[in-house]
Amino acid sequence: MSDSTHDTPKFRYNAAFANEIERKWQDYWEAERTFWAPNPTGLLSDVNRERAHLPKKFVLDMFPYPSGAGLHVGHPLGFIGTDVYARFMRMQGFNVLHAMGYDAFGLPAEQYAVQTGQHPAVTTEQNITTYRAQLRMLGLGHDPRRGVSTTDVGYYKWTQWIFLQVFNSWYDHSNDCARHVDELVRELDAGLRLPDDDGVPWAERDALEQRRYVDDHRLVYVGEAPVNWCPGLGTVLANEEVTADGRSERGNFPVYKRPLKQWMMRITEYSDRLIADLDQLDWPDSIKLMQRNWIGKSIGAEVDFHVVGKKGASRQGAAAEQGEPTDQDASDDTLISVFTTRPDTLFGATYMVLAPEHELVDHITPNEWPECRPEWRGIFGAHRSPSEAVSAYRDFASAKSELERTSEGKQKTGVFTGAFAVNPVNGAEIPVFIADYVLTGYGTGAIMAVPAHDARDFEFAREFVIDVVPVITPSPEWLLNHEGAIAADCATWSESFHGDGVAMNSANEGVSLNGLKVREAKAAIIEWLVGENRGAATTNYKLRDWLFSRQRYWGEPFPIVYDEHGPIAVPESMLPVTLPEISNFEPATSDDPDALPSPPLGRAEDWVEVEFDLGDGPRVYRREVNTMPQWAGSCWYYLRYLDPTNEDRFVDRETERYWGENKQEAVGAVDLYVGGVEHAVLHLLYSRFWHKVLFDLGHVSTPEPFQRLFNQGYIQAYAYTDERGMYVEASEVVERDGAFTHNGKVVNREYGKIGKSLKNVVTPNDMCDEYGADTFRMYEMFMGPLDASRPWSTRDVVGVNRYLQRLWRSCIDETSGDSRVVDADIDDDTRRVLHRTIAAITNDISVLGFNTVVARLFELNNHLTKLVEASGSAPRAVVEPLILMTSPVAPHIAEELWQRLGHTTTCAYEPFPVHDPKWLVADTVEIPVQINGKVRGKVTVASDATQATCEAAARADERVAALLVGATVRKTVVVPGRMVNFVVG
RNA sequence: GCGAGCGUGGCGGAAUUGGCAGACGCGCUGGACUUAGGAUCCAGUGUCCGAAAGGACGUGGGGGUUCAAGUCCCCCCGCUCGCACCA
């Protein structure tokens, strides 16, 4: 930008002037507390009290992590979108809560602290200050009192309090909700409830046994399960934080499954409700689908297979030599339980597979090979015994990384255990294999394999030469498409058949599925299995309990201490449990997968050992040294926004009810939640879970946190590489005749994330310096639909800047600074344009269609410009609504113009213009006249003209009439007010 | 592999949900004002044929339904995202 100083009018809207008025209005809003949203009660109710009686809108952005790099132009896209929406809703008469806090615990601050020795609290504070300054510059209408940070002691005290709520709860299946454990104990004591662990009667248990029972039922518990151990980060991670190829989402370090004692949250208790309640949310279908897939509910059956008694006369001798127990008889009773979603194909099960780590593998493996096909002994040549083959295979499988395991062309591997099991429906003795295509963690870790109707089983069966028996008749089309395939003979099949079909080969003395469709066959076989006590209908979920502990310093400490028997909650009155000061924040990281986690808090010995009186006199306890994951603080921040200063409760009940209150069909507290898709299954699932626990316990009044979710797209930018492939500074690249050059040399254009590494960073500060915040805001809104990703293009920004300049010039004399607005009449045409614009904008803002909002503003302004050119002045009846409609997008210039037009208060609460429907319809409309669907003329008719009138007018058109001469009109289609079409033949 | 979504001028993108494709903006071309223009203002700008009037073509490709298709249906191609042996 280069308005040379000597001839630029003093009151031209240029960058310097924009910056001046922007600062002025930001100061005004702060001083006047313009965006302080009143609560119904409490400390935040005194200012703007009159608005507390209005209906509410709760508008929310996803909590940013304040990184040291500050904001680039991609970050504030959603923030500006919510600000436009929030400002619009204020003008529509709502009490709008819009605030911005910080998700400030987490790895980057800690890693920076490790490198520099500076306390993470210090860098976090600096980063937040930077963020606040950058956001203030954008003119976002946040209520500053509510800008909490998860690292504030006054905040994480309540994170710990919520943890205790979860800790002190159990899931009551008979009422399908969480309840306080005291109620569980009371019911057990009173005999109203029996222990569900088939143990001794409750009354006969001692205090320690009772405590263990309760601990086992809490919604938070210490579990020892295979967890994702990431030695590179020195911490364990939740499933959601591990990528498909077995690496950490942060840092991309390898992750190993290791059995470790860790805190777990029973999110799985909520699986069904988390799925069911999605139906009532106004979320993108793609996100709902991702959540459903992640929870992964499958309905099927569990079926028990008896293992055939081990064979081989020399077996006992061999076992005795190795000092193993000889349990031949016991093996007769061994049951392998499998989960299947296709119990209707049970007659086609020709082998079984256990996961290599399955606990029964050693138990069922005999010492000598039975008679079997040589291929079954696996991929390592002939082993002398099954147990040799099994252990060799286990070594092979566990040496493979997650990536290798899934990417090796899906070549199936495995070995025969030497054991056989009996198919309960037909008595067939089928071989039992181990193979790594069966996962330990899902279902029972064992499957019945039906190669005819499952792709994986089919591949395995072909590999190992196992029988393939069809039990569903393929459709004729399928057989046709699989040349040579015959329904009854799978030997000719090239792949398994998964389609719908009727059952075949599926009958025994007690049940016949033959001729039944899949659904009916499932029901019939389950009924039979239940009757025979060989199985039952069950449901399985992919979702696992949430691994909740991390071996980090910069997180919330657990409000937990240990005595010699286990964990005990720190009483509420002793919250918060504050982080101790330590000097070395580093967890022990390592390349060694067998290294053990070692949390940094363990080194704060003075802190770890603590003396309390928990009712039985002062005793020494040891504190929990793990910290909570970053997700903990972000699970509930929207609730703290409601009542950030409350020291007695995490949120006041009445305040929560006011801001959470919703129309009958709505179930979520937040009216609009805008953020990126990357949180589809992490934050959004955890947050829904906590909210539901709080709902069950009566602490919040809605079953869901977020009613309407909107995913904003990402802004990326072009990047350029030179002939060496090195990135060059993108801002220095110029385009000439379709080629891109940097210092005269041609460079190659790429497209990617904005960041230092691609040298393509553009910051909001750059844009504000060059054009002003209003231009920047408006450009971000104009560049495309909010949910679409698109490339940043600084070159295009000038377009919206011109709009603001023209608007300014229409209203203000550039040399004198005086208003050019007059109270003149406006013509009907102008009035129509105005009201059409009002109607379109009102609709588009509510559906977050901000790009078309800006386009409509441009149109009205273009019309206004013509009026001003013609008359030398701007009619107030157009200018004022235009300013008001501009104000949500470009609030500073709107305030300035509003003031210069003679108003004395902010326009933030002026009623948004309302359209008059009568001006939406013109007296006349021009409609196209088509002949055979091609436009051949246009006629103007009264907008309420009848079919007959339209047709008559069309026929009267000279050109149309000429074309119709001599033609036979076979049909005439008239859509009144829209078009006329003559079909001639 | 499975699932979801998307393909519209040189570019970003609009199109009452079946009714004039390309709103609005960038860029480009021409002009005005200027010592100057990378400022501002005005006009033009889908492609092809044509001096023009006008015509033909046109929403990834092919087919279909319809008086009428960017929009609905079928097949194919390309891109993006999610899941990834989940039984």
Side-chain angles (χ1 to χ4, degrees), chain A residues 1-4 7-9 12 14 243-245 284-287 289-290 292-294 296-298 300 338-342 345 353 402 405-408 410 412 435-439 441-450 453-457 459-460 540-543 677 680-681 734-735 738 778-779 782-785 788-800 802-803 805-806 809 814 840 843 849 851-859 861-862 865 869 926-935 937-938 959 969-975 977-984:
Chain A
M1 299 292 293
S2 66
D3 287 294
S4 57
D7 65 346
T8 303
R12 168 154 295 184
N14 58 20
T243 60
D245 53 348
D285 286 338
S286 58
I287 301 292
L289 191 66
M290 282 164 73
R292 285 200 187 92
N293 288 343
W294 189 262
K297 179 176 184 172
S298 20
V338 304
F339 174 71
T340 176
T341 55
R342 293 297 303 276
T345 62
V353 186
E402 211 53 28
R405 185 181 150 119
T406 51
S407 69
E408 280 171 355
K410 309 249 162 166
K412 294 286 180 289
D436 65 0
Y437 83 91
V438 171
L439 310 171
Y442 186 75
T444 60
I447 62 156
M448 64 176 212
V450 184
H453 305 295
D454 181 280
R456 299 151 301 182
D457 296 346
E459 282 170 36
F460 189 87
N540 245 292
Y541 300 89
K542 249 174 78 181
L543 185 69
V677 273
V681 288
V734 290
E735 184 180 0
M778 202 164 203
Y779 174 65
F782 181 57
M783 56 196 294
S789 293
R790 55 309 240 327
W792 177 263
S793 174
T794 300
R795 182 173 86 171
D796 294 359
V797 176
V798 68
V800 293
R802 280 180 195 145
Y803 163 79
Q805 242 179 47
R806 274 172 220 173
R809 192 164 34 231
E814 287 190 320
N843 174 67
N851 54 329
T852 51
V853 167
V854 176
R856 296 288 95 82
L857 290 172
F858 284 5
E859 281 173 339
N861 191 43
N862 289 345
T865 306
E869 258 167 43
E926 191 188 51
I927 61 171
V929 182
Q930 302 174 347
I931 293 171
N932 285 347
K934 307 223 175 211
V935 179
K938 289 180 183 180
R959 255 188 86 205
V969 176
R970 292 194 311 177
K971 189 173 177 183
T972 308
V973 183
V974 181
V975 183
R978 305 232 57 159
M979 45 73 64
V980 178
N981 189 12
F982 295 107
V983 185
V984 303

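Reminder, nothing fancy here: chain letters follow the sequence lines and each chain counts from 1.
At a threshold of 4.0 angstrom between heavy atoms, the contacts of A:Glu926 include nucleobase atoms, whether or not backbone atoms are also involved. A:Asn862 comes within contact range of the sugar-phosphate backbone alone, with a heavy-atom separation under 4.0 Å but no base atom that close. Base engagement by A:Ile447 is indicated by at least one non-hydrogen atom pair under 4.0 Å involving a base atom.
B:C28 sits 15 Å from B:G37 when the P atoms are compared, rounded to a whole Å. Rounded to whole Å, the separation between the C1' atoms of B:G22 and B:U8 comes to 8 Å. The gap from the C1' atom of B:G50 to that of B:C57 amounts to 15 Å, rounded to the nearest Å. Rounded to whole Å, the separation between the C1' atoms of B:G9 and B:G46 comes to 5 Å. Distance check on atom P: B:U66 versus B:U17 gives 24 Å, rounded to whole Å. Atom C1' of B:A4 sits at a distance of 48 Å from the matching atom of B:U40, rounded to the whole Å. For the P atoms, the distance from B:U16 to B:G54 is 29 Å, rounded to whole Å. Comparing B:C2 with B:C76, their P atoms are spaced 12 Å from each other, to the whole Å.
In this structure, A:Asn293 places its CG atom 15 Å from P of B:C2, rounding to the nearest Å. When the C1' atom of B:C83 is taken as reference, atom NZ of A:Lys297 falls 20 Å away, rounded to whole Å. Residue A:Asn540 contributes atom CG, which lies 9 Å from atom C1' of B:A87 at whole-angstrom precision. Whole-Å rounding puts the A:Tyr442 OH to B:C83 P distance at 17 Å. For the pair A:Lys542 NZ and B:A84 P, the computed distance is 5 Å after rounding to whole Å. Computed from coordinates, the A:Asn14 CG to B:A39 P distance equals 14 Å when rounded to whole Å. The CE atom of A:Met290 sits 10 Å away from the P atom of B:A84 (whole-angstrom rounding). Atom pair A:Asp285:CG and B:G3:P shows a separation of 17 Å (rounding to whole Å applied).
Under the side chain to side chain donor-acceptor pair (under 3.5 Å) criterion, A:Arg806 pairs with no residue at all, not counting sequence neighbours. Checked against side chain to side chain donor-acceptor pair (under 3.5 Å), A:Glu859 has the following partners two or more places apart in sequence or in another chain: A:Arg856. Every residue two or more places apart in sequence or in another chain that forms a ring-ring contact (aromatic ring centres under 6.0 Å, His included) with A:Phe858 is listed here: A:Phe782, A:Tyr803. Under the ring-ring contact (aromatic ring centres under 6.0 Å, His included) criterion, A:Phe339 pairs with no residue at all, not counting sequence neighbours. Not a single ring-ring contact (aromatic ring centres under 6.0 Å, His included) links A:Phe982 to another residue, sequence neighbours left out. When the side chain to side chain donor-acceptor pair (under 3.5 Å) test is applied to A:Ser793, the partners found at least two apart in sequence or on another chain are A:Asp796. Looking at residues two or more places apart in sequence or on another chain, you find a side-chain contact (heavy atoms from CB on, under 4.5 Å) between A:Pro791 and A:Tyr718, A:Tyr751. Listed by chain and residue number, A:Lys938, A:Thr940 satisfy the side-chain contact (heavy atoms from CB on, under 4.5 Å) test with A:Glu926 (two or more places apart in sequence, or in another chain). Taking the side chain to side chain donor-acceptor pair (under 3.5 Å) definition, one finds that A:Tyr779 meets it with nothing, sequence neighbours left out.
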Filtered N/O pairs between nucleotides 12-18 of chain B and protein, under 3.5 Å:
unit_1 : atom_1 : unit_2   : atom_2 : d
B:G12  : O2'    : A:Met783 : O      : 2.6
B:G13  : O3'    : A:Asn851 : ND2    : 3.4
B:A14  : OP1    : A:Asn851 : ND2    : 3.0
B:A14  : O5'    : A:Asn851 : ND2    : 3.4
B:U16  : O4     : A:Arg978 : NH2    : 2.7

Can you check nucleotides 53-59 of chain B for protein contacts, nitrogen or oxygen pairs under 3.5 Å, and list what you find?
unit_1 : atom_1 : unit_2   : atom_2 : d
B:G55  : OP1    : A:Arg959 : NH2    : 2.6
B:A56  : OP2    : A:Arg936 : NH2    : 3.3
B:C57  : OP2    : A:Lys934 : NZ     : 3.1

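Across all strands shown, B:G18 remains unpaired; no Watson-Crick or G-U wobble contact has both distances below 3.5 Å. Pairing partner, B:A43: B:U29, with both Watson-Crick or wobble hydrogen-bond distances short of 3.5 Å. When both pairing distances are held under 3.5 Å, B:U59 makes no Watson-Crick or G-U pair with any nucleotide shown. Across all strands shown, B:C24 forms a Watson-Crick or G-U wobble pair with B:G12, both key distances being under 3.5 Å. Look at B:A4: its Watson-Crick or wobble partner, with both distances under 3.5 angstrom, is B:U80. The nucleotide B:G70 finds no pairing partner, because no Watson-Crick or G-U wobble arrangement with both distances shorter than 3.5 Å includes it.
In terms of position on RNA chain B, the residue among A:Ser286 and A:Gly441 whose nearest nucleotide sits closer to the 5' end is A:Ser286. Of the two residues contacting RNA chain B, namely A:Phe339 and A:Val677, the nearest-nucleotide position lying further toward the 5' end is that of A:Val677.
For B:G9, the base is syn relative to its sugar; the glycosidic angle is within 90° of 0.
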Contact letters for nucleotides 63-71 of chain B, in which S counts primed atoms plus P, OP1 and OP2 and B counts the base, heavy atoms under 4.0 Å: ----B----
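For the pair A:Lys412 and A:Tyr437, the distance from NZ or CZ to the six-membered ring centre is under 6.0 Å and the angle to the ring normal is within 45 degrees.
A:Asp457 places a side-chain N or O within donor-acceptor distance of the main-chain N or O of A:Val450, the cut-off being under 3.5 Å. Checked by atom type and distance alone, the side chain of A:Asp454 never pairs as donor or acceptor with a backbone atom of A:Ala449 at under 3.5 Å.
Candidate nucleotides B:G19, B:A23, B:C42 were compared by shortest atom distance to the side chain of A:Glu859, and B:A23 ranks first.
Other residues, nucleotides and ligands place no more than 12 heavy atoms under 6.0 Å from the CZ atom of A:Arg970.
Residue A:Arg795 places no side-chain N or O under 4.0 Å from the OP1 or OP2 atom of B:G25. Put simply, A:Arg802 has a side-chain N or O that comes within less than 4.0 Å of OP1 or OP2 on B:U40.
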